[in-house]
Amino acid sequence: MGLLTKKDLKLVKDPLFDNNPITVQVLGICSALAITAQLKAAIVMAISVMFVLAAGNVVISLMRNIIPPKIRIIAQLVIAAALVIIVDQVLKAYSYELSKQLSVFVGLIITNCIIMGRFEAFALANTPWKSFLDGIGNAGGYGIILVIVAFFRELLGSGSLFGIKVLGDSVKKTGLYAFGYENNGFMLLAPMALITLGIIIWVQRSRNSSLIEEN
Amino acid sequence: MSRNTESNTYTILFATAMVLIVGSLLAFVAQSLKGKIAENKRIEKQQNILYAMGVNENEEGSVNFISKKDVDNAFSKYIVKQYVVRGLKATENNKAYLIDIKKEAEKAKKPSYARRLPLFVGEKDNKTYYIVPVRGKGLWDAIWGYIALDKDLVVEGVYFDHKGETPGLGGNIKERYFMDAFTGEHIFKDGKFEGITVLKGNADPKSLDKADCEVDAMAGATLTGNGVSAMLKIDLKMYEPYLETLNQ
């Protein structure tokens with residue numbers, strides 16, 4: 001197969017499932033809790049992180065031989081910060097409401113441990129193409145979990161998906177609400193995001209016993 | 001590689017070059033998107049003003065502005081006049097909503113400067129609304145809003161927003177339950193300017209003998225609430241001379 005060798009494919013696929021940054025490496029939890037009350041916000045966050053991580057990985061990888069080791073963390077920070085600012089400005093210009101909703105979290109992409117972690121652990125030692133794939137894979141793994149959590153939180157918490165009321169109207173009591181169903185407001189709060197995440201980790205580990213650490 | 005990436009000279013040169021390149025890149029991006037962002041802010045302002053006078057797409061419990069594509073039409077339809085108030089004098093100015101309240105407040109620190117106060121007159125269903133912008137300090141950062149009054153100086157609706165209040169606590173000033181509680185409050189008491197105070201008192205909206213000019217405070221956000229009270233007292237008071245002429 002043309003562009004992707006087996007090894008390359010592994011770079012993308014591994015972090016999606018068996019080495020997922022959130023559920024296996026337990027990185028980037030903070031934003032996973034904060035931004036998953038709505039599906040739309042979660043997807044935008046996932047795309048933003050994917051852009052920052054993939055582009056950042058490529059830039060770091062291109063510069064890996066010229067970055068002075070003494071200030072490599074600072075150099076990584078500067079690149080991550082610059083990319084985050086670009087994402088923030090573009091969102092403000094083209095998706096203003098969303099950028100208000102994501103507010104501080106876009107700025108906080110830079111503190112997402114996944115980003116600095118991949119820069120340091122992968123991009124500094126690998127070629128740009130491999131680093132790009134690694135960025136896509138890791139951001140994808142992060143995004144998948146974000147979307148799964150957001151799906152359940154928005155569906156059970158607000159009775160909607162992408163803002164569309166799929167379960168009927170809670171005020172006029174149509175659809176499911178006619179049978180006495182109520183939205184669970186607790187789903188919209190951060191603790192339920194953590195519990196949802198815990199359930200995902202549980203399901204994943206029960207299906208793949210190699211993920212369970214021995215104690 | 002012949003370059004010695006460990007040397008101090010190289011490190012300093014690298015850092016300098018990196019800062020220059022990244023800095024100019026960001027400046028370029030910011031410059032090229034500036035117009036678009038300013039336009040978004042302008043639309044948001046119009047949406048906020050219309051929201052306060054009840055032109056919005058609210059559903060139960062949620063805050064929904066009128067949509068972006070309708071806002072220009074709605075703004076020219078519902079906002080019939082815009083004034084710049086200076087003391088008792090109000091001059092009509094159909095760009096008044098573009099006045100930057102923050103900059104005006106800065107300039108007004110010089111005693112010689114007569115502050116320009118924007119005021120919007122809205123009309124909906126044969127009812128006249130006077131919409132006053134306010135801006136103050138919350139706990140962490142700026143808070144601002146728009147207060148719609150009717151001709152008897154009773155609050156018809158408000159919109160609040162904030163820059164950095166704690167989500168879930170002070171950030172709740174932009175939630176429906178808090179904003180809706182302002183409707184029906186007077187800002188004058190016995191013919192004297194009183195403002196509206198946010199406090200834990202006899203101000204529960206469901207209470208039958210609820211005190212006037214008071215709004216129930218938010219739990220866990222006393223200081224943001226105090227900020228809202230102060231903002232309303234100070235900024236609405238600047239309009240007092242003009243508003244009094246309406247009340248006669």
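Here is how names work: the chains are called A, B, and so on, in the same order as the sequence lines, proteins then strands, and each is numbered from 1.
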> Determine, stepwise, if the pair L33(B) / V90(A) fulfils side chain to side chain contact (heavy atoms under 4.5 Å, CB included).
CA-CA 7 Å; L33(B) 294 176; V90(A) 169; 4.0 Å; yes

> Which pair of non-hydrogen atoms, one from P69(A) and one from E6(B), has the smallest distance, and what is that distance?
CG-OE2, 3.8 Å

> Name the region of K34(B), side chain, backbone, both or neither, that has any atom closer than 4.5 Å to a heavy atom of chain A.
neither

> Could you give me the CA-CA distance, side-chain angles and deciding distance for N40(B) and K92(A), then say whether side chain to side chain contact (heavy atoms under 4.5 Å, CB included) is met?
CA-CA 8 Å; N40(B) 283 333; K92(A) 272 203 182 114; 5.7 Å; no

> Answer yes or no: is there a donor N or O on one side and an acceptor on the other, between the side chain of Y10(B) and the main chain of I66(A), under 3.5 Å?
yes

> Go through the atoms of N8(B) and report whether side chain, backbone, both or neither lie under 4.5 Å from a heavy atom of chain A.
both

> May I ask you to test the F65(B)-E97(A) pair for a side-chain heavy-atom distance under 4.5 Å?
no

> So Y96(A) and K41(B), do their side chains get closer than 4.5 Å, heavy atoms only?
yes

> Quick one: what part of I43(B) sits under 4.5 Å from any heavy atom of chain A, side chain, backbone, both or neither?
neither

> Select one option (side chain, backbone, both, neither) describing which atoms of E39(B) are under 4.5 Å from chain A's heavy atoms.
neither

> Does any backbone or side-chain atom of K70(A) lie under 4.5 Å from a heavy atom of chain B? Answer side chain, backbone, both or neither.
side chain

> Does any backbone or side-chain atom of L189(A) lie under 4.5 Å from a heavy atom of chain B? Answer side chain, backbone, both or neither.
neither

> Could you measure the distance from the CG atom of D88(A) to the CD1 atom of I37(B)? Nearest 0.5 Å is fine.
8.0 Å

